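Encoded as structure tokens, the structure appears first; notes follow it.
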Protein chains: 2
Amino acid sequence: MGVAKDVSKDIKAVLRDQISGKLLLPLQKIPSERELSELFSITRISVKSALDSLEVEGLIYREDRRGWFVSPPRIKYNPLSRCHFHQMIRDQQRTAKTQLLGVKSMMAPSIIATLLALSELTPIHVIERLRYIDGRAVLFVENCLISHCFPDILSEDLAQSLTILYATKYGFKTNRSNFEFIPTAAPEHVAQALNIRTGQQVLKICRVNYNQHNDIIDCEFEYWRTDAVMISINN
Amino acid sequence: MGVAKDVSKDIKAVLRDQISGKLLLPLQKIPSERELSELFSITRISVKSALDSLEVEGLIYREDRRGWFVSPPRIKYNPLSRCHFHQMIRDQQRTAKTQLLGVKSMMAPSIIATLLALSELTPIHVIERLRYIDGRAVLFVENCLISHCFPDILSEDLAQSLTILYATKYGFKTNRSNFEFIPTAAPEHVAQALNIRTGQQVLKICRVNYNQHNDIIDCEFEYWRTDAVMISINN
DNA sequence: AATAACTGCTGGACTAGTCCAAAAACCAAC
DNA sequence: GTTGGTTTTTGGACTAGTCCAGCAGTTATT
């Protein structure tokens, strides 16, 4: 889309300034597109364009038909630390919440089968969850578990940390993981859950987990709102 | 921007299909926005919106006033492997090129000083380079070196690997590094170099390098075209 | 043969609207 | 007090154009 250059340079600079100057605080609402277009005497399309650009930058985010809001600071995600979601968020003085969206049991589709190194028709469980930080839905997670490794797991509370559940109920420790971080667009079902537009940018993380015997136990697809996270690695 | 929903769903699906079906090949040009708008009987704005969305997905990219093109496969970037850029690209059967954009010598601004753990006014060299994969500019790099650690470095060929230069000329080995990966928008000078629009999404990588004595020797800012790369970690 | 000027094509930026659907606020009826 | 419509507000999607600037290829000039 027309990305802000001349007319919208103004409004971008003003908003950026207001945000960095703490006049607009995290989670606070920004005036509506129509208001801004009147304030700056430009079309709503140009306003949208400027807001889009600030959104890419990670300064603001939109909620469908609710308005635009200032983004809170990014969470630091260290893939090398064996720390589960709630712990990580708590360590950064933020509050976390997990909501179970649904569970499906099915035969592993080919992409998943390849990732999990399954050679033939194998049943898997797919657990879909939505994670919140400070009350805002920022992460959609899809876990694919090899069913026979986790008998009876569906009767457990799946809103808790799966890593902990693996350890306590099955004696599995996540020994190592393979990660892939891919900036891409949100697929339909993810966009819907995160309340963003289909095709909007997200950070996709594909993760394959190995237990202490070096067996693959599950894989995970995470979709983060890009303004909510940064990857941090110290080695 | 209006992200593709109804009218533009069509055009998105068609292009996606043509690309995955290899009817449109990497680096190949897509029909112009005006042509597409006639072909699908929709406005150019709607076409733009659909193309924008495919761009976010990483399937296509634009070149200013030249047209839209199909993205080649992403490069896998493993931050834990001590492998320099040209080596990494070669290992993936692609061709790399580095172009020196310029060198500045200055006092470290506060952000850099903090990163490099400098306590007082310290001169640094800033080396700006542009990296190409298969002839396409995909990576803008800014290296900030503490000047007194690298006497006379400016007389060297700076288009080669700095890691290698550090080792051969100064006996420095990059022992470990801290990384931060941040999906954000391209600043003005980066956008210009990469030939993308200001404010377009990029993957920003901040990296601080330590030598074998555990001293910070330099820091680096990388800005990747998001469709050109994925981060891959195995541990 | 080299260079400068022209020209068409491309995306960039923008104006001025319209219609729609979801969310939220409001208000009246129960 | 709660429920259930109605109205208002908000962003989503779209139409139908305009003008501009950079790129590339051609043509005319030197």
Side-chain angles (χ1 to χ4, degrees), chain A residues 1-13 15 28-56 60-70 136-137 185-186 188 191-200, chain B residues 1-13 15 28-56 60-70 135-137 185-186 188 191-201:
Chain A
M1 224 44 359
V3 147
K5 266 279 172 67
D6 304 314
V7 175
S8 12
K9 209 160 43 175
D10 244 23
I11 174 172
K12 277 176 66 179
L15 286 175
Q28 192 177 330
K29 191 172 179 308
I30 288 171
S32 78
E33 294 182 356
R34 280 170 241 258
E35 276 180 77
L36 288 173
S37 82
E38 277 193 27
L39 269 170
F40 289 85
S41 310
I42 52 179
T43 350
R44 216 181 112 212
I45 287 199
S46 305
V47 172
K48 270 169 124 62
S49 160
L51 294 175
D52 277 343
S53 166
L54 291 174
E55 181 186 40
V56 169
I60 62 176
Y61 65 96
R62 84 182 79 202
E63 282 190 26
D64 197 10
R65 278 158 251 262
R66 291 225 317 125
W68 288 88
F69 303 85
V70 178
R136 176 178 166 228
E188 187 73 37
Q192 214 153 359
L194 288 176
N195 190 26
I196 59 181
R197 293 164 308 167
T198 320
Q200 190 172 329
Chain B
M1 223 44 8
V3 147
K5 267 280 172 66
D6 304 314
V7 174
S8 11
K9 207 159 47 174
D10 246 21
I11 175 173
K12 277 176 67 177
L15 286 176
Q28 192 177 329
K29 192 174 178 306
I30 288 171
S32 78
E33 295 182 356
R34 282 170 239 259
E35 276 180 78
L36 288 173
S37 81
E38 278 194 26
L39 269 170
F40 289 86
S41 309
I42 51 180
T43 352
R44 216 181 114 211
I45 286 199
S46 306
V47 172
K48 269 169 123 65
S49 160
L51 294 175
D52 277 344
S53 165
L54 291 174
E55 181 186 41
V56 169
I60 62 176
Y61 65 96
R62 83 182 82 201
E63 282 191 26
D64 197 11
R65 278 158 252 261
R66 292 223 317 125
W68 289 88
F69 303 84
V70 178
R136 175 178 166 228
E188 187 72 37
Q192 215 154 358
L194 287 175
N195 190 26
I196 59 180
R197 292 165 308 169
T198 320
Q200 190 171 328
Q201 69 166 358

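All values reported here derive from a predicted model rather than from experimental measurement. In what follows, every heavy atom counts, from backbone to side chain, and hydrogens, waters and symmetry copies are set aside.
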R66(B) has its side chain closest, among dT15(C), dC23(D), dT10(D), to dC23(D)
Using a 6.0 Å distance limit plus a 45 degree cone around the ring axis, check whether R136(A) lies over the aromatic ring of F69(A). no
Pick the nucleotide of DNA chain C nearest each of D64(A) and W68(B); which residue has the one closer to the 5' end? W68(B)
Ignoring hydrogens and angles, does a donor from either the side chain of R44(A) or the base of dG12(D) sit under 3.5 Å from an acceptor on the other? yes
Which pair of heavy atoms, one from R44(A) and one from R34(A), lies closest together, and at what distance? NH1-NH1, 3.5 Å
Can you check the I30(A) CD1 to dT9(D) P distance for me, whole Å? 20 Å
Of all heavy-atom pairs linking S53(B) and A185(A), the shortest is O-CB, 4.4 Å
Length of the line joining E63(A):CD and dA21(C):C1', which is rounded to integer Å: 17 Å
Can you tell me the distance, in whole Å, between the CD1 atom of I11(B) and the P atom of dC14(D)? 11 Å
Do you know which two heavy atoms are closest between L36(B) and P31(B), and how far apart they sit? CD1-O, 3.6 Å
Once you round it to whole Å, what is the distance between C1' of dG22(D) and CZ of R62(B)? 15 Å
I'd like to know if R34(B) reaches the base of dG11(C) with its side chain such that a donor and an acceptor end up less than 3.5 angstrom apart. yes
For dC20(D), does OP1 or OP2 lie under 4.0 Å from any side-chain N or O of R65(B)? no
Find the distance R197(B):CZ to dA21(D):C1' and express it as a whole number of Å. 16 Å
Could you tell me which non-hydrogen atom of K29(B) sits nearest to which non-hydrogen atom of G67(B), and how far apart they are? CE-CA, 4.1 Å
Short question: side chain of T43(A), backbone of S46(A) - any donor-acceptor pair under 3.5 Å? no
Is the shortest side-chain N/O distance from S49(A) to OP1 or OP2 of dC14(C) below 4.0 Å? no
Provide, to the nearest angstrom, the distance between the CD atom belonging to Q200(B) and the P atom belonging to dG12(C). 9 Å
Under 4.0 Å between any heavy atoms, over every strand shown, what does T43(A) touch: base, sugar-phosphate, or nothing? Just pick one. base
Atom NZ of K12(A) and atom P of dA13(C): how far apart are they, to the nearest Å? 9 Å
If the cut-off is 4.0 Å, is K48(A) near the phosphate of dG11(D), judged by side-chain N/O to OP1 or OP2? no
For N195(A) and dT10(D), what is the distance between atoms CG and P respectively, to the nearest whole Å? 17 Å
Angle between the two end axes of the helix from dA1(C)-dT30(D) to dC30(C)-dG1(D), five base pairs per end, rounded to 10 degrees? 10°
Over all atoms of both residues, closest heavy-atom pair of F40(A) and I11(A): CE2-CA, 3.8 Å
